[in-house]
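Heads up, the thing below is written out as structure tokens.
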Amino acid sequence: MDSKLATRVSRRPPPQPPAATRSAVWLIGLLVVLCFFSLPLFLALSRGRPNLSDVWHLGVSVTARDENATAGSESSDAPPPASRDRLLGGLLSPDISEGSCLSRMGLVECRYLVWAPTSGHIGDRVLSIASAFLYALLTRRVLLLQLADDMAGLFCEPFPGATWELPAGGFLPDHIKGLRRGSDRSYGNFIRAAKNKKDGSDDGPAGLPAESLPPYAYVHLEHDYQQPEQLFFCDDDQTVLSNVNWLILRSNLYFAAGLFLVPQFEEELRWMFPASDTAFHHVGRYLFHPSNEVWQLITRYYTSYMASFEENIGLQITTFAWNPVPFEEYFKQVSACTSQEKILPEVDTTPGVLHEATAATSKAVLVSSEHPEYAEKLKSMYYEHATVTGETVSVLQPGGGGNHSHNQKAVVEMFLQSYCDVSVVSGWSTVGYVGHGLAGLKPWLLLAPRNQTAADPPCVQATSMEPCFHAPPSYDCRAKKKGDLGAVLRHVRHCEDVGDGLKLFD
């Protein structure tokens, strides 16, 4: 890693017990988190817009966790919440007239972003949650996650004393199940319908009256989203969404790069990330801390197998059904990359020739893949043949054995990859993105094979540690026409592994 990058990014240290306390990354995050404590959770998705007094009568709350009390419980003899708020705990006189000064209601209505899970890989979800959190910060929203059963027990709560998990009760979860692309409640549909009711005027979505907006809207940002939903990345459309208290988001994309295209977010993003290509590195390290059970698996493996080596090389291999490639062909590409770029030493296959092993250098290759044959062949190669440099190479393959879920094993592998010194990952792999993003490394990207043939060149070193936004919009909001969004801003360009994708650069 070059010296310039080292000054901007802190490399991940070896696994240690989690610190007792962690400081917040941004002050505005505190303002968002405060809403967890101050407002009851609005679950009654009525067709009319809720007012402030409606919120008090809804019964289910997002509350602070208290080990000595049941969350959400209230004393039976406590005064009604509305009266407590009206007098500000006795600070105001009971004779005041609310009508003469509306600001004395004292209750600030919070806005929420509810993240709904997709059927994708855990890597997709981690990147999507990181993007959602960044969007929630930019728009001063409370982030709530509807965690699927297969995500239970993977990560610790990131916000001290509060939960980011959407309560399972109520009928909001039932509404979420039916929300898909083209749903009546989707942002693309309601904005089009609202504009059609404006008597043919064409002053843009920002001119829509607040009373015409629904109490909640669904934002569909999965890979199959179309132009109405892609307008989410336009300034005018964000102005409209700012007047909708509840947004429900479903995404399997790392769409953070798209947020940098929205003019009203530019100044704050520049303040948050002076180096643009560190966005996921900082957000990911703030948000995602493995649960105690998963952390034990990570630390145990690292201590037992990785800690003694001078250099750990992460090799994350993913193949995709939409781009099949024979095992031997892809292994040839992996070997060509690690050999040509001097990542791993070559082996000498000449019969009868022996090379003396040097004790000075020892390398470990951590192979993560759903196909164990890649690790097995690499292990056999270094076991049967000496390296031409005399270095010793050990091949490690985590994830086997135990009664652990598929997602637990995937999280373990992502975090172990983040403790490697060099990263080689398959292009398009969100698991690989998470590993090198947390590590703060610019990876070597294995380019996608074509026609079941190894790519040539086999790999390129990324010029940014950021994950790729695989399916960015094609509409240029600034020019108000379709265009190349990789040419709009200096720090938002196309990805090395996904030609149409967008990525943050510094």
- Walk me through it: do V365 and Y382 pass the test side-chain contact (heavy atoms from CB on, under 4.5 Å)? CA-CA 11 Å; V365 187; Y382 282 107; 5.6 Å; no

Are there over 12 heavy-atom neighbours, none belonging to [X], within less than 6.0 Å of that residue's [atom1]?
X    : atom1 : answer
Y305 : OH    : no
D476 : CG    : yes
Q461 : CD    : yes
R450 : CZ    : no

Test your reading of the model: is there a side-chain donor-acceptor pair from [X] to the backbone of [Y], 3.5 Å cut-off?
X    : Y    : result
D124 : N252 : no
S304 : Y301 : no
E311 : D421 : no
E496 : T463 : yes
Q146 : V114 : no
T350 : D348 : no
E229 : V219 : no
Q264 : D235 : yes
S380 : E376 : no
S464 : D277 : no

[Y] and [X] aromatic ring geometry - parallel, tilted or perpendicular at 30°/60° bounds:
X    : Y    : answer
Y374 : H371 : perpendicular
H436 : Y433 : perpendicular
H491 : F260 : perpendicular
W428 : F320 : perpendicular

For [X] against [Y], the heavy-atom pair lying closest together:
X    : Y    : value
H121 : A410 : CE1-CB, 4.0 Å
W115 : M151 : CH2-SD, 4.1 Å
P398 : S368 : CG-OG, 4.3 Å
V492 : A257 : CG2-O, 4.3 Å
E157 : A162 : OE1-O, 3.7 Å
P473 : L485 : O-CD1, 3.1 Å

- Item | F133 ring center near Y286 ring center (under 6.0 Å) |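 Ring centres of Y286 and F133 closer than 6.0 Å.
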
- Message: Taking the six-membered ring for Trp, are F255 and Y225 closer than 6.0 Å centroid to centroid?
- Response: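 F255 vs Y225: aromatic centres not under 6.0 Å.
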
With a 4.5 Å heavy-atom cut-off, do [X] and [Y] have their side chains touching?
X    : Y    : result
Y330 : I317 : yes
V431 : Q417 : no
L366 : L416 : yes
L502 : H494 : yes
K379 : V367 : no
K377 : F327 : yes
V422 : W444 : yes
Y135 : Q238 : yes

- May I ask you to say whether E329 pairs ionically with K332, meaning some side-chain N is under 4.0 Å from a carboxylate O?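 Here E329 pairs with K332 in a salt bridge, since their nearest N and O are under 4.0 Å apart.
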
- Answer yes when R140 and E268 have at least one side-chain N-carboxylate O distance shorter than 4.0 Å, and no when they do not.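 Salt bridge: yes.
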
Calculate, to the nearest 0.5 Å, the distance between atoms [atom1] and [atom2] belonging to [X] and [Y] respectively.
X    : Y    : atom1 : atom2 : value
C420 : M306 : SG    : CE    : 4.0 Å
L249 : T118 : CG    : OG1   : 10.0 Å
F159 : L143 : CZ    : CG    : 6.0 Å
D149 : S405 : CG    : OG    : 11.5 Å
E346 : E391 : CD    : CD    : 11.5 Å
K363 : S394 : NZ    : OG    : 12.5 Å

- Message: side-chain contact (heavy atoms from CB on, under 4.5 Å) for L145 and F155? Distances and angles first, verdict last.
- Response: CA-CA 12 Å; L145 306 185; F155 299 105; over 6 Å; no

- Task: Output, in order, the C-alpha distance, side-chain angles, deciding distance and verdict of side-chain contact (heavy atoms from CB on, under 4.5 Å) for F280 and L438.
- Result: CA-CA 7 Å; F280 177 74; L438 292 175; 4.3 Å; yes

- Task: Give the intermediate values and the outcome of side-chain contact (heavy atoms from CB on, under 4.5 Å) for residues I122 and L154.
- Result: CA-CA 10 Å; I122 185 63; L154 293 181; 3.8 Å; yes

